[in-house]
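Heads up: the structure comes next, in structure tokens.
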Amino acid sequence: MEVTVLLFAAHRELAGSGSTVVSLPEGATAGALLETLRGRGGGWTQLPARSAVAVNRRYATADTVLREGDEVALIPPVAGG
Amino acid sequence: MEVTVLLFAAHRELAGSGSTVVSLPEGATAGALLETLRGRGGGWTQLPARSAVAVNRRYATADTVLREGDEVALIPPVAGG
Amino acid sequence: MIWSDVLLEPIDPAAVLDRVGDPRDGAVVLFLGIVRNANEGRPVSGMEYDGYIEMAREQLAAIAGEAAERAGSDRVAVAHRLGALDIGEVSVAIAASTPHRAEAFDAARHVIEEIKKRLPVWKREHYLDREAAWLDGRLPAAAASR
Amino acid sequence: MIWSDVLLEPIDPAAVLDRVGDPRDGAVVLFLGIVRNANEGRPVSGMEYDGYIEMAREQLAAIAGEAAERAGSDRVAVAHRLGALDIGEVSVAIAASTPHRAEAFDAARHVIEEIKKRLPVWKREHYLDREAAWLDGRLPAAAASR
């Protein structure tokens, strides 16, 4: 299955991109996705091993199981206001 | 000595006036002034036996000694804002 | 600039807000007290504010100064109105600005709480059935230092 | 009407304030977050706000709804801006109106505290010496219910 990954702020600078598409085995979790991204080498390895994530614009956990077509965002520590 | 007394809100309605001049013996206190006013009869008797007072626009107590020409205000429970 | 006044004319909240703010400040809080259409379930048609205006001005300046000192900011402004007000009119406007938000909230809150405790102002509610009554208030603590 | 938005254009605080207010309400609180000229002693020339705008809109609507529920009032409005802001520009405006003051203060405070905890927005400070840095923020609590 494929999911779309969105990256923001410092994460985007590390990755050199604001979004990417990732192929994952069925049943993969958000945590597994993060490991996959970190395995890409280059700046990707500097993504944090633990990050908040949102799946389809809702906060989720590393255990959240992904589905085909999900929009998964890595959420760096937030600093709004 | 003479002092000027100011009355507000419900006190003014009881007294039928917003101000009055009172003659008092030298050394009289704000508490003694209040008793003098209550002794005038009519609506004055309905002034409270205890009231907050201000002398020359500062909060004072029943024990505060008055002086010639002081401006003494009886301060009903306040309700601003 | 710490600013305060007791006015007989309508209050312009934007003008009070404009009196605060500084390049150092990351937070602004504006509080407005408004005449509302009911009190304890009874419909109200308007509110009449009486005040000992000279003393109220001095007390309000003191309150604003205390709030500024607590907040570590001289950007505090407050206006209180007297006279006959309709529903929806602004009776008090308080603005404070500070580098961080907690102090701005605290300053605005301090000003309104102290107004309720010690500003020599009284209000008479006018009800829809044409009666009117002076509202029960709070006995100010006698304090020679104030 | 509960109202919220995440905008790329400048925020007009008066327009946010105008979205609240009701004849029942005796209290209005407006909070403004402003870009300030220094952070932890270092002079700042401006702030760049990045955001996950679609999710930020949903989170901000949820936060405004929670604040309204806490306050027992549907008069809550909040706007958050993204993009490049100069010193003194408004990054967030929050307004709430309620019958009594405690609830209006609480609602405004709740909104800004929750924004800091969970709104997917990031800021990069630009310093006078031309460097820039993403600010340390807070890791949002992962919560499937949000």
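Because only heavy atoms are used, hydrogens play no part in the values below, and waters and symmetry mates are left out as well, while side chains stay in. A, B, ... follow the sequence lines: proteins, then strands. Residue 1 opens every chain.
Using a 4.5 Å cut-off on side-chain heavy atoms (C-beta onward), H126(D) and V44(D) make no contact.
The interface of residues 69-81 of chain A with chain D, defined by heavy-atom distances below 4.5 Å, comprises E71(A), A73(A), I75(A), P76(A), P77(A), V78(A), A79(A), G80(A), G81(A).
Only the backbone of L119(D) has a heavy atom closer than 4.5 Å to any heavy atom of chain A. With a 4.5 Å cut-off on non-hydrogen atoms, R12(A) touches chain D through its side chain but not through its backbone. Using a 4.5 Å cut-off between heavy atoms, E54(D) touches chain A through backbone and side chain atoms alike. Y52(D) touches chain A through backbone and side chain together, each having a heavy atom under 4.5 Å away. Only the side chain of V92(D) comes within contact range of chain A, with heavy atoms under 4.5 Å apart.
Under the 3.5 Å distance criterion, with hydrogens and angles disregarded, no donor-acceptor pair is assigned to the side chains of E125(D) and W134(D).
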- List the steps, then state whether side chain to side chain contact (heavy atoms under 4.5 Å, CB included) holds for V121(D) with H80(D). CA-CA 9 Å; V121(D) 167; H80(D) 198 297; 3.8 Å; yes

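The pair R42(D)-E131(D) meets the salt-bridge criterion, with a side-chain N (NZ, NE, NH1 or NH2) lying under 4.0 Å from an Asp/Glu carboxylate O. The pair D50(D)-R124(D) does not count as a salt bridge, with every side-chain nitrogen at least 4.0 angstrom from each carboxylate oxygen. Ion pairing between E113(D) and R109(D) holds under the 4.0 Å rule for side-chain N and carboxylate O. Taking the charged nitrogens against the carboxylate oxygens, E58(D) and R118(D) have no contact shorter than 4.0 Å, which rules out a salt bridge.
Within a 6.0 Å radius of CZ in R40(A), more than 12 heavy atoms belonging to other residues, nucleotides or ligands are found.
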